[in-house]
S.K.: 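Please see the structure below; I have some questions.
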Amino acid sequence: MLDLKFVRSNLDSIRAMLKNRQYDLDVSRFEDLDQERRKRLTVLEELRHRRNHVTDKIAAMKKRGEDASAVISEMKEVSSSIKEREKELPRFVEELNELLMVIPNMPHESVVVGKDEEDNPVIRTWGEIGKMDFEPLPHWEIGENLGILDFARASRLAGSRFAIYRGLGARLERALINFMLDIHTKEHGYTEILPPFMVNSASMTGTGQLPKFEEDLFKIKGWDLYLIPTAEVPVTNIHREEILSGEELPVYYVAYTPCFRSEAGSYGKDTRGLIRQHQFNKVELVKFTRPEESYDELEKLTLNAEEILKRLELPYRMVSLCTGDLGFSAAKTYDLEVWLPGQNLYREISSCSNFEAFQARRAEIRFKGKGTRGTELVHTLNGSGLAVGRTVVAILENYQQADGSVVIPESLKSYMGGVDLISSVKNEK
RNA sequence: GGAGAGAUGGCCGAGUUGGCUGAAGGCGCUCGCCUGCUAAGCGAGUUAGGGGGGAAACUUCCUACGAGGGUUCGAAUCCCUCUCUCUCCGCCA
């Protein structure tokens, strides 16, 4: 959510921003709503002021034993007028709030104006795209051939967009989770969090999934609970409605969680394989920082995610999302895209964003500096470090051998209990 | 599921015969003083959100004692509903 006063005085740049983001949103109602709200608020506050004043007088009169009945009956009218106005005002506040809640964040000035992902500038590329002397297979074929991925039976259990991992496939997923968590906690200074995998609507609103994107979420019937689409939601909301002390910033959290997404509107897209599932695992990095440090922290956070790809020796590139591709709450986002030889393309494996104060304002996450008066909103950031299922995809496709087996990356071997190769024979064990 | 207790400021904790209590007291924190370090001591300050005025420092008003509603001229204090926390019993991984 943007700051009300900012919107009030920057309506034109808001309109330009919406256009750059390819948003079709009319903000012309804003000015009227805002003025009406303020007008009504002023009248109401004046009435309240009067009531407070006279009420004190009544107390004083009674204390002296005087008759206050005339003043009291006069106050009855004032009070009922206040009550009426108090009933009306929320309509305007809520309508204004609803409008404010669906306005996306202002992109950072460094974000390129563009239409869609085609316009995302590539910032850097890492690793050699190895030439294979055989025709590389897509990961779903590798996985099914090895018996480590089973999509057919998964659909029996839950339908499409689910997978069963088996044997060393399951082991590989688990190894990657531990590998990532260890690096981020031991080397990058993050505190490990294991949050609830379901959260209430206030949490979903805090990070921006609600009210605009409810159709992307799985809701628990009969409860005010949703399955989390990313650990960003529970972990960012840890400090919802809190005032942190300036000295404890920046706060770094890392969390492994499964993620649940309805993938509404993506019918027919990525129907094969692990790329787009209703449930997938992710290790997520979340930061709370001072405003002036958030862009440095975004660079560092992205490097932390890149480190995982480097250790696994997976070629990737980093792009900066243009205005048309930028997510609703983000001011700036770097995507890490891993090379997938089986599909001959780069595929998003991490998304690292600075939300500036956008989420903090919704979630009321503030901090108080030493010796300074008042509070300030923190900046929140997060990034995948990494999407685990897609990392499995990348390993299967990049480390596949001509005979259909898959070599385990060197740095991962210890996490695989010394296993260095997944072959159909070995997996039967 | 049954029976109780509770929810107050960054924290602890008063206040429940309704009326200068935005909230005693303490801790913490900030600034100053004092003491040749440290500790202790003294003085002052220290909730947040919003509206108006001001370039700003600041100032003024409104709101908030878990949330929502009610009673009343007036509610932290009385009534109702909800949420959450804790204790005991039952059930259960």
Side-chain angles (χ1 to χ4, degrees), chain A residues 1-9 30-101 194-206 210 220 222-226 234 237-249 251 288 290 357-378:
Chain A
M1 178 162 67
L2 292 170
D3 179 39
L4 178 67
K5 287 174 193 156
F6 173 83
V7 175
R8 187 180 293 153
S9 48
F30 179 86
E31 272 180 300
D32 288 344
L33 271 173
D34 184 42
Q35 273 173 27
E36 183 69 21
R37 177 189 140 272
R38 277 198 283 174
K39 205 159 69 189
R40 287 172 174 272
L41 186 60
T42 305
V43 173
L44 178 58
E45 286 187 350
E46 273 166 12
L47 284 169
R48 280 171 172 165
H49 177 51
R50 177 149 168 244
R51 181 184 64 185
N52 291 342
H53 186 68
V54 175
T55 277
D56 286 347
K57 269 175 37 184
I58 291 171
M61 287 170 82
K62 289 221 165 178
K63 216 168 188 176
R64 289 191 300 256
E66 295 171 27
D67 177 26
S69 57
V71 195
I72 287 174
S73 69
E74 183 201 336
M75 274 299 103
K76 276 186 184 175
E77 280 176 45
V78 175
S79 271
S80 71
S81 169
I82 288 173
K83 263 173 200 164
E84 256 175 65
R85 286 166 188 282
E86 279 175 345
K87 274 185 187 135
E88 290 167 2
L89 185 66
R91 286 215 321 267
F92 297 89
V93 177
E94 276 160 30
E95 207 178 328
L96 189 68
N97 222 27
E98 278 165 27
L99 180 58
L100 218 49
M101 290 289 254
L194 185 62
F197 300 160
M198 298 183 225
V199 298
N200 56 27
S201 52
S203 300
M204 286 293 184
T205 306
L210 291 179
I220 307 298
W223 294 75
D224 179 33
L225 285 175
Y226 298 81
N237 277 284
I238 286 173
H239 294 300
R240 175 153 51 87
E241 290 155 50
E242 282 187 17
I243 300 173
L244 304 169
S245 78
E247 300 92 273
E248 58 188 305
L249 296 176
V251 173
F288 302 82
R290 293 170 171 276
F358 193 83
Q359 293 180 328
R361 188 172 293 112
R362 289 175 166 238
E364 292 177 66
I365 308 169
R366 291 158 292 173
F367 75 96
K368 189 176 218 157
K370 218 174 187 153
T372 54
R373 71 271 91 133
T375 58
E376 212 176 332
L377 294 166
V378 301

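Letters go in sequence order (proteins before strands), and every chain restarts at 1. The figures that follow rest on heavy atoms only: side chains count, while hydrogens, waters and symmetry mates do not.
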S.K.: Identify the nucleotide, in any strand shown, that forms a Watson-Crick or G-U wobble pair with G54(B), with both distances under 3.5 Å; if there is none, say none.
M.R.: none
S.K.: When the P atoms of G69(B) and U63(B) are considered, how many whole Å apart are they?
M.R.: 15 Å
S.K.: Do you know which two heavy atoms are closest between I365(A) and R240(A), and how far apart they sit?
M.R.: CG1-CA, 3.9 Å
S.K.: Are OP1 or OP2 of G50(B) and a side-chain N or O of T42(A) less than 4.0 angstrom apart?
M.R.: no
S.K.: Starting at CG of D224(A) and ending at P of A67(B), how long is that distance when rounded to a whole Å?
M.R.: 18 Å
S.K.: May I ask you to verify if any side-chain N or O of R48(A) is less than 4.0 angstrom from the OP1 or OP2 atom of C61(B)?
M.R.: no
S.K.: Quantified in whole Å, what is the P atom distance between nucleotide A24(B) and nucleotide G45(B)?
M.R.: 13 Å
S.K.: Take a 6.0 Å sphere around CD of E248(A) and say whether it holds more than 12 heavy atoms from other residues, nucleotides or ligands.
M.R.: yes
S.K.: Which one is paired to A75(B), where only Watson-Crick or G-U wobble pairs with both distances under 3.5 angstrom count?
M.R.: none
S.K.: Atom CG in L89(A), atom CD in E94(A): separation rounded to 0.5 Å?
M.R.: 9.5 Å
S.K.: Starting at atom CG of L96(A), determine the distance to atom P of G51(B), rounded to an integer number of angstrom.
M.R.: 11 Å
S.K.: Between H49(A) and C61(B), is there a contact of a side-chain N or O with OP1 or OP2 at under 4.0 Å?
M.R.: no
S.K.: When you compare the protein's N or O atoms with those of nucleotides 76-84 of chain B, which come within less than 3.5 Å of each other, and at what distance?
M.R.:
none

S.K.: Under 4.0 Å from OP1 or OP2 of G51(B): is there any side-chain N or O of K5(A) that close?
M.R.: yes
S.K.: Would you find more than 12 non-hydrogen atoms of other residues, nucleotides or ligands less than 6.0 Å from E241(A) atom CD?
M.R.: yes
S.K.: Can we say R50(A) and E74(A) salt-bridge, meaning some charged N sits less than 4.0 Å from an Asp/Glu carboxylate O?
M.R.: yes
S.K.: Do any side-chain nitrogens or oxygens of R50(A) fall under 4.0 Å of OP1 or OP2 in C61(B)?
M.R.: no
S.K.: Side chain of I243(A), heavy atoms from C-beta onward: which of G49(B), G10(B), G50(B) has the nearest atom to it?
M.R.: G10(B)
S.K.: For nucleotides C73(B) and U59(B), find the distance between their C1' atoms and express it as a whole number of Å.
M.R.: 30 Å
S.K.: Closer than 4.0 Å, any side-chain N/O of N52(A) to the OP1 or OP2 of C61(B)?
M.R.: no
S.K.: Could you tell me how far G28(B) sits from U16(B) if I compare only their C1' atoms? Round to whole Å.
M.R.: 28 Å
S.K.: Take E376(A) and R366(A), measure what salt bridge (charged side-chain N to carboxylate O under 4.0 Å, His left out) needs, and give me the verdict at the end.
M.R.: CA-CA 5 Å; E376(A) 212 176 332; R366(A) 291 158 292 173; over 6 Å; no
S.K.: Partner lookup for A44(B), please. Criteria are Watson-Crick or G-U wobble with both distances under 3.5 angstrom; report none if nothing qualifies.
M.R.: U30(B)
S.K.: I'd like the C1' distance from U71(B) over to C12(B), given in whole Å.
M.R.: 34 Å
S.K.: Would you say M198(A) has more than 12 foreign heavy atoms packed within less than 6.0 Å of its CE?
M.R.: no
S.K.: In Å, rounded to the nearest 0.5 Å, how long is the span from CG of D32(A) to CG of L96(A)?
M.R.: 11.0 Å
S.K.: Rounded to the Å, how far apart are K39(A) NZ and G50(B) C1'?
M.R.: 19 Å
S.K.: Would you mind reading off the distance between L244(A) atom CG and U47(B) atom C1', rounded to a whole angstrom?
M.R.: 16 Å
S.K.: Please test E45(A) against R85(A) for salt bridge (charged side-chain N to carboxylate O under 4.0 Å, His left out), starting from the C-alpha separation and ending with a verdict.
M.R.: CA-CA 10 Å; E45(A) 286 187 350; R85(A) 286 166 188 282; over 6 Å; no
S.K.: Are the charged groups of E66(A) and K62(A) less than 4.0 angstrom apart, N to O?
M.R.: no
S.K.: Between E376(A) and L44(A), which is nearer to the 5' end of RNA chain B once each is assigned its nearest nucleotide?
M.R.: E376(A)
S.K.: Give a yes-or-no answer on whether the side chains of N200(A) and S203(A) include a donor-acceptor pair shorter than 3.5 Å.
M.R.: yes
S.K.: By nearest nucleotide on RNA chain B, pick out whichever of R37(A) and D56(A) is the more 5' one.
M.R.: D56(A)
S.K.: Taking any heavy-atom pair under 4.0 Å as a contact, classify R64(A): base, sugar-phosphate, or nothing.
M.R.: nothing
S.K.: In whole Å, what separates the P atom of U30(B) from that of C82(B)?
M.R.: 45 Å
S.K.: So if I define the base as every atom that isn't primed, P, OP1 or OP2, how would nucleotides 68-75 of chain B read as a B/S/- string at a heavy-atom cutoff under 4.0 Å?
M.R.: ---SBBS-
S.K.: Can you check the E364(A) CD to G10(B) P distance for me, whole Å?
M.R.: 12 Å
S.K.: Within this structure, what is the CD-to-P distance between E46(A) and U60(B), rounded to whole angstrom?
M.R.: 17 Å
S.K.: Using the C1' atom as the reference point in each nucleotide, state the distance between U8(B) and A14(B) in Å, no decimals.
M.R.: 10 Å
S.K.: Ignoring backbone atoms, establish whether K368(A) has a side-chain N or O less than 4.0 Å from OP1 or OP2 of A48(B).
M.R.: yes
S.K.: Expressed in whole Å, how much space separates the C1' atoms belonging to C11(B) and U47(B)?
M.R.: 13 Å
S.K.: We want to know whether T205(A) and R362(A) form a side-chain donor-acceptor pair, criterion being a heavy-atom distance below 3.5 angstrom.
M.R.: no
S.K.: With a 3.5 angstrom cut-off on both distances, give the Watson-Crick or G-U wobble partner of G1(B), or none if there isn't one.
M.R.: C89(B)
